[in-house]
Amino acid sequence: MDKFKKIKKNRIKYLCLSILFIISIFVFISPNYSATIKIEHNATNQEIQSLIDSAKSGDIIQFKNSTYNEISLIINKKLTLKGNGTTIITNNSKGNNGNANIGDNTFGFYFTKSALGSQLIGFNIISNSDYAVIVNSSSLTMNSNIISGGQKGGVLFNNSKDSKINNNNISNSKSYGINIINSKNINITSSNIKNNNDSGILIYKSLYVSIFNSSIFNNLKHGIELILSNNTKIIKNKIENNYDGIFLSNTKLANITDNLINNNKRNGINLNDRTEKSYIVNNTISKNANGIQLNGKSVNDIIKFNLIKEQKQTADTDVDMFETGNGIVIGDNYDPSSSFTIEYNSILNNENFGIKNKPQFDEVSVGANYFGDSGNHICPRILASILTAKLSASGEVHLFDGKKQTGYVIGADQRIYSAKKTGTPSKPPSKPQNTGSNNINTGSGSNGNLNNASIQNGTNNAKTQNNTNNPKKTNTTTNQYSVGDSGKPLLSKAYEVISNQIAKAMGENSILPYLILIIIAGIFGLGYLKKRKI
């Protein structure tokens, strides 16, 4: 009899615990329904601000497809602001409609630290204020906006982190297009940054900024200006018609890969002051005044597998015409104690030197590079090994350093690839010249090579480059916020999957939480029925 009493008591306890567990799960994952607050066509700035202030965290502020004038709004909670093509004309007056300035800066939208996770989507912002948008919060997403103007800049990220700019057009600022200061993990993707009166993007005292698949052009100063910042990624961008394409000063671990850097007034890439462990690989750098300038102390910088071609001699810079038209040039402020790797680049058809040194410096030694057969030559104060090309029986054009085969080939796009890659990396030219000569420590880079090679965009070969010179060290350092699944325990993975599903359910108001509750109730119910049969 005691046995049955004990079983009955355990059943009651089991049922109570099951009910408590189900209730706690319901509280944890029950959907949080966000409200949509609509802004009328004729709403004033003060009326819009009042609606924002009274909104709850997670609400959606939906603007009509209209024009709103004299706008200066402060967002101090997590909100999604949707424009659907709405035109916002900002106000430059200080203290507009009761909104305090942020320091001395006026703005169209200001996201405070409390606006964590907010979104700004689909606006056409015409800025008469200091900035169109100021971001002082984290995890902000700006998507599909058109931003024009700004007395001090288009967008300012100050003490922000984990924020994203995707598919935005930012132009015609009186200063910088995007200004990133004291921030971390800011990602710019698929955006156009153009026609700004200073640099397109300034990155200052910041970490882990990524610029990917964007166009940065027609800015009066630099396309991208990188100062006192580390672990920056500049990958697969088109950077054209700026002063310098990319300007680096006092940086570490900049990853500049797979970019098209063309037609910039001065340098494609300019390394100044101190640059450490820059990774400049697989870029096409063409038709600038100079391709790459080393103008400070270079510490273990890597310059490999780039196509550096057709730099132009021009009087339209602040240096003598003879100092232009070079593929790679040593600048006046170069530090002779520098250490770097410059090898396996294709340096072709530049109007002045392939690589040029200054008379005031000792001879500078570089690695083996390919200079083609165009008569492109090397400055006598550069110690260089010149690669020659020979057509193999398999139809690949192999590179030789003297009589030694290097393990690399030249493709029809005039890039250098690893011969270890399975298959032919790209079709070789139909009529290469076969010369066996190789010049070392020479003033002439004229070298029998490839005729009539087609010029193509070869920016899809980063994997080939990653097999050389141990770039994995650099890439893992620039990715310290990424954690691979292979290092996670099974329970951690399961927790992550469940957490993501719950978060998604809460955000989309789906029926998933209820389905989970039904499943859990069914499991406990079956357990209860099973015990009852004991």
Side-chain angles (χ1 to χ4, degrees), residues 73 75 78-83 85-86 88 90 107-113 115-127 129-150 152-173 175-196 198-219 222-226 229 231-239 242 246 255 259 481:
L73 299 170
I75 297 88
K78 178 183 177 181
L79 295 174
T80 296
L81 282 72
K82 289 187 176 181
T86 293
I88 297 290
T90 72
F107 51 85
F109 294 93
Y110 175 72
F111 292 86
T112 72
K113 290 182 179 179
L116 179 74
S118 292
Q119 298 183 70
L120 185 71
I121 303 171
F123 287 89
N124 177 20
I125 305 172
I126 301 171
S127 178
S129 52
D130 292 331
Y131 294 95
V133 181
I134 297 177
V135 180
N136 195 220
S137 67
S138 298
S139 302
L140 176 86
T141 298
M142 292 179 57
N143 193 35
S144 301
N145 300 288
I146 300 171
I147 297 172
S148 178
K152 295 182 180 178
V155 180
L156 170 63
F157 284 88
N158 190 13
N159 291 304
S160 177
K161 66 178 181 179
D162 304 323
S163 294
K164 298 177 182 179
I165 301 176
N166 179 58
N167 194 33
N168 290 268
N169 288 295
I170 300 173
S171 65
N172 298 308
S173 161
S175 186
Y176 300 101
I178 301 175
N179 195 342
I180 301 171
I181 299 175
N182 294 318
S183 295
K184 180 163 62 175
N185 201 23
I186 309 297
N187 297 312
I188 301 168
T189 59
S190 303
S191 294
N192 294 321
I193 318 296
K194 62 182 180 178
N195 300 330
N196 297 288
D198 208 297
S199 297
I201 302 172
L202 170 66
I203 305 168
Y204 180 73
K205 290 186 176 180
S206 295
L207 297 170
Y208 302 102
V209 175
S210 297
I211 305 168
F212 178 77
N213 199 32
S214 294
S215 294
I216 300 130
F217 58 97
N218 293 345
N219 300 287
H222 312 301
I224 300 170
E225 186 174 358
L226 184 60
S229 297
N231 297 84
T232 306
K233 290 183 179 180
I234 302 171
I235 299 175
K236 293 186 178 179
N237 301 286
K238 191 173 184 180
I239 304 170
N242 309 285
I246 302 174
N255 183 346
N259 300 285
Y481 283 94

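Just the heavy atoms: all of them, side chains too, but no hydrogens, waters or symmetry mates, feed the values below.
One N or O on the side chain of S214 and one on the backbone of F212 form a donor-acceptor pair closer than 3.5 Å. Side-chain N or O atoms of S129 include one that pairs as donor or acceptor with a backbone N or O of Y131 at under 3.5 Å. The main-chain N or O of S183 is found under 3.5 Å from a side-chain atom of S206 such that the two form a donor-acceptor pair. At distances below 3.5 Å, at least one donor-acceptor pair connects side-chain atoms of N168 with backbone N or O atoms of M142. Side-chain atoms of S118 never come within 3.5 Å of backbone atoms of T80 as a donor-acceptor pair (strictly under, hydrogens ignored).
Here CZ of F157 is found 7.0 Å from CD1 of I178. Values are rounded to the nearest 0.5 Å. If you take NZ on K161 and CG on N185, they are separated by 9.5 Å, rounding to the nearest 0.5 Å. The distance from atom CG of N237 to atom CD1 of I188, rounded to the nearest 0.5 Å, is 9.0 Å. With rounding to the nearest 0.5 Å, the separation of CG in N195 from CG in N172 is 5.0 Å. Here the NZ-OG distance, from K194 to S148, works out to 9.5 Å after rounding to the nearest 0.5 Å. For the atom pair I186 CD1 and D162 CG, the distance stands at 7.5 Å (nearest 0.5 Å).
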Stepwise side-chain hydrogen bond (donor to acceptor under 3.5 Å, both in side chains) test for N159 and N182: CA-CA 5 Å; N159 291 304; N182 294 318; 4.6 Å; no

Derivation and outcome, side-chain hydrogen bond (donor to acceptor under 3.5 Å, both in side chains), residues S144 and N167: CA-CA 5 Å; S144 301; N167 194 33; 3.2 Å; yes

CA sep, side-chain torsions, deciding dist, call: K78, L116, side chain to side chain contact (heavy atoms under 4.5 Å, CB included): CA-CA 6 Å; K78 178 183 177 181; L116 179 74; 5.9 Å; no

Working for side chain to side chain contact (heavy atoms under 4.5 Å, CB included), residues I234 and N259: CA-CA 8 Å; I234 302 171; N259 300 285; 3.9 Å; yes

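In terms of heavy atoms, N196 sits closest to G200 at ND2-CA, 4.3 Å. The two residues I216 and N242 make their nearest non-hydrogen contact at O-ND2, 3.2 Å. The heavy-atom pair separating I203 from I224 by the smallest distance is CD1-CG2, 4.3 Å. When every heavy atom of E225 is checked against every heavy atom of D198, the shortest pair comes out as OE1-OD1, 4.1 Å. When all heavy atoms of N219 and H222 are compared, the closest pair comes out as CB-O, 3.9 Å. Closest non-hydrogen pair, S229 versus K205, comes out as OG-N, 3.0 Å.
Test T86, I121, I75 against L81 for side-chain contact (heavy atoms from CB on, under 4.5 Å) and you get one pass: I75. Across N187, N143, N145, a single residue satisfies side-chain hydrogen bond (donor to acceptor under 3.5 Å, both in side chains) together with N166, and that is N143.
With hydrogens and angles left out, the side-chain atoms of S173 and S175 include no donor and acceptor closer than 3.5 Å. Counted by atom type alone, S163 and S160 present one or more donor-acceptor pairs between their side chains at under 3.5 Å.
The aromatic rings of F111 and F109 sit parallel, their planes meeting at an angle under 30°, below the 60° perpendicular limit.
Remark: K152 NZ is packed, more than 12 non-hydrogen atoms of other residues, nucleotides or ligands lying under 6.0 Å away.
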